[in-house]
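Worksheet: the structure to be examined is printed underneath.
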Number of protein chains: 2
Amino acid sequence: MYVTSGFFLGILSLYFGLNSPQMFSQATKYAIKSVIYIWTQSLEDRKVGAKEIGANIEAPEAFTAKILQLLTKAKIVGSIKGPNGGFFADESHAKYTLKDVVKTIDGDQLFAGCSLGLPRCSEKNPCPLHFEVVKVRTEIDHMLTAKSMKQLAVEVIKGNTRLAELV
Amino acid sequence: MYVTSGFFLGILSLYFGLNSPQMFSQATKYAIKSVIYIWTQSLEDRKVGAKEIGANIEAPEAFTAKILQLLTKAKIVGSIKGPNGGFFADESHAKYTLKDVVKTIDGDQLFAGCSLGLPRCSEKNPCPLHFEVVKVRTEIDHMLTAKSMKQLAVEVIKGNTRLAELV
DNA sequence: ATAATAAAAGACAATTAAATCCTTTATTAT
DNA sequence: ATAATAAAGGATTTAATTGTCTTTTATTAT
Ligand code: FES
Ligand code: FES
């Protein structure tokens, strides 16, 4: 008499309508916080390991490590193996914005394509939400390009913003 | 020697960074299109079945039917069983907006809570994106409340917008 | 050279979302 | 009453995302 918990959750989810789609995937959230955290430490000339990053942004270490691989491959941050190694960011990474981070992990479906899933998004054959979606996307674009990663990190260092719950 | 395709996709997805999070879940996209489609037909005094809805919004019938159950339970549309039955919308449903549709299926995580996943979203202890997120949400709110479902349906009837790819 | 360190890579498990199928219930026309 | 119709409900399956664990590779200090 075994019942999978997935079954119950599946039913409950449909029954109460409890899905959870958000602006960003979980992976992208971790990515954004990771990059900002790396910048806060690089501004003080410290390289940081996946374990430390995970701990400071309250994310699972192994999963964070996977995400860091993608960010490194995309050159959004740098990494060095071995003792005294770790992740870091310097002027060679300063040109990247949050938008690049989001695109690296989630692709560009937040910025491109029809929000209602039509095969193409166009002004000539718009879906009912198209023109409003364009406005939302303008705002999203601004949100993800207005400040440099370094600026965002400085605000965290100053204590004006935070990457994890305060204890 | 069997290998699950999920495995390969999982690896590929991490390797190439191919997640696909969007503004709305697939279920919500179907829900939005369903409600607008129901309104287009109700404006011409036709009740419609799940099969017809699925066909016209290019969504799987059975999944659409599940979503319609939630929409009906939430009173966003009406339904009648049996011959000549189906889904419909009338003045008693006119007060609902797209925001209600989204909330019914996806909950309010698009509108509330920290976009970066912090335990709470507040101006006093904001995450690095908080103030920009507030602006994006204002625009999202406008997008989902500016027009009534009926208005959106009228635009589809007029041919100004569409719910499926044109053939 | 060797041991220790830390990222990269690979294999997999668990959870959640998406989709399907089958049975039951309500309604209506015959 | 009965057959036909269509939504509601229940049980699973499939796919995608999230998360873990182990092995390999590169680097550095001894
Ligand atoms: S056509 Fe749907 S968002 Fe552009
Ligand atoms: S604290 Fe993150 S969005 Fe408000």
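Quick caveat, the model's predicted, so the values are computed rather than measured. Residue numbers start from 1 in every chain, and the chains themselves are labelled A, B, ... in the order their sequence lines are given, proteins ahead of strands.
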(request) Quickly work out the B/L70 CG to D/dG9 C1' distance and round it to whole Å. (result) 12 Å

(request) Please collect all ring pair (Phe, Tyr, Trp, His ring centres under 6.0 Å) contacts where either partner lies in residues 81-108 of chain B, sequence neighbours excluded, each pair once. (result) B/F88-B/H93

(message) Tell me whether B/K150 is salt-bridged to B/E155, with the criterion being a basic N under 4.0 Å from an acidic carboxylate O.
(response) no

(request) Indicate, yes or no, whether a donor-acceptor pair under 3.5 Å links the base of C/dA18 to the side chain of B/K66. (result) no

(request) May I ask you to test the B/V102-B/Q109 pair for a side-chain heavy-atom distance under 4.5 Å? (result) no

(message) Within residues 43-57 of chain B, which residues have any heavy atom lying less than 4.0 Å from an atom of DNA chain C?
(response) none

(message) I'd like to know whether B/L129 forms a side chain to side chain contact (heavy atoms under 4.5 Å, CB included) with A/L98, so could you lay out the CA-CA distance, the side-chain angles of the two residues, the decisive distance to 0.1 Å, and finally the verdict.
(response) CA-CA 10 Å; B/L129 287 179; A/L98 283 171; 3.3 Å; yes

(message) Whole angstroms only, please: what is the CG-C1' distance between B/L68 and D/dA8?
(response) 11 Å

Show the atom names and distances, to 0.1 Å, of all donor-acceptor pairs under 3.5 Å that link a side chain in residues 53-64 of chain B to residues at least two apart or in another chain.
from: B/N56; atom 1: ND2; to: B/Y37; atom 2: OH; distance (Å): 3.1
from: B/N56; atom 1: ND2; to: B/E52; atom 2: O; distance (Å): 2.8
from: B/T64; atom 1: OG1; to: B/P60; atom 2: O; distance (Å): 2.7

(request) Report yes or no: do B/I32 and B/L70 belong to one cluster of Ile/Leu/Val/Met/Phe/Trp/Tyr joined by side chain heavy-atom distances under 4.5 Å? (result) yes

(request) Starting at atom CD of A/E61, determine the distance to atom C1' of D/dT22, rounded to an integer number of angstrom. (result) 13 Å

(message) According to a hydrophobic-cluster definition based on side-chain heavy atoms being under 4.5 Å apart (Ile, Leu, Val, Met, Phe, Trp, Tyr only), do A/L43 and A/I38 belong together?
(response) yes

(message) Just the rounded figure in Å: distance from P of D/dT14 to CD of B/Q26.
(response) 19 Å

(message) So if I take residues 76-90 of chain B and measure heavy-atom distances to DNA chain C, which residues fall below 4.0 Å?
(response) B/K81, B/G82, B/P83, B/N84

(message) Please determine whether a side-chain nitrogen of the Lys or Arg among B/R137 and A/E139 lies less than 4.0 Å from a carboxylate oxygen of the Asp or Glu.
(response) no

(request) Answer with yes or no whether A/Q69 presents, from its side chain, a donor or acceptor under 3.5 Å of a partner atom in the base of C/dA9. (result) yes

(request) Can you tell me the distance, in whole Å, between the CG atom of A/D106 and the P atom of D/dA16? (result) 15 Å

(request) Go through the steps for A/L118 and B/K33 under the test side chain to side chain contact (heavy atoms under 4.5 Å, CB included), then give the verdict. (result) CA-CA 10 Å; A/L118 300 194; B/K33 292 194 272 190; 3.9 Å; yes

(message) If I compare all heavy atoms of A/E123 with all of A/F131, which pair ends up nearest, and what's the gap?
(response) O-CZ, 4.0 Å

(request) Using the rule that two of Ile, Leu, Val, Met, Phe, Trp, Tyr join whenever any of their side-chain heavy atoms come within less than 4.5 Å, decide whether A/F111 and B/M23 are in one cluster. (result) yes

(request) Report the distance from atom CZ of A/F24 to atom C1' of D/dT17, rounded to the nearest whole Å. (result) 17 Å

(message) Just the rounded figure in Å: distance from P of D/dA7 to CD1 of B/I67.
(response) 14 Å

(request) Check the distance between C/dG10's C1' and A/F63's CZ and give it to me in whole angstrom. (result) 16 Å

(request) May I ask you to decide if A/T28's main-chain N or O and A/S25's side chain share a donor-acceptor pair within less than 3.5 Å? (result) yes

(message) Please pick, from C/dA18, D/dT20, D/dG9, the nucleotide with the shortest atom-to-atom distance to any side-chain atom of A/P60.
(response) D/dT20

(request) Report, as yes or no, whether the 6.0 Å neighbourhood of atom NZ on B/K51 holds more than 12 heavy atoms from other residues, nucleotides or ligands. (result) no

(request) Scan B/D106, B/D108, B/D141 and name whichever one has a salt bridge (charged side-chain N to carboxylate O under 4.0 Å, His left out) with B/K99. (result) B/D141

(message) Stem list for DNA chain D, please, built from Watson-Crick and G-U wobble pairs under 3.5 Å and keeping only runs of at least 3.
(response) C:1-30 with D:1-30

(request) Taking only heavy atoms on the protein side, list every residue of residues 28-36 of chain B lying under 4.0 Å from any atom of DNA chain D, sorted numerically. (result) none

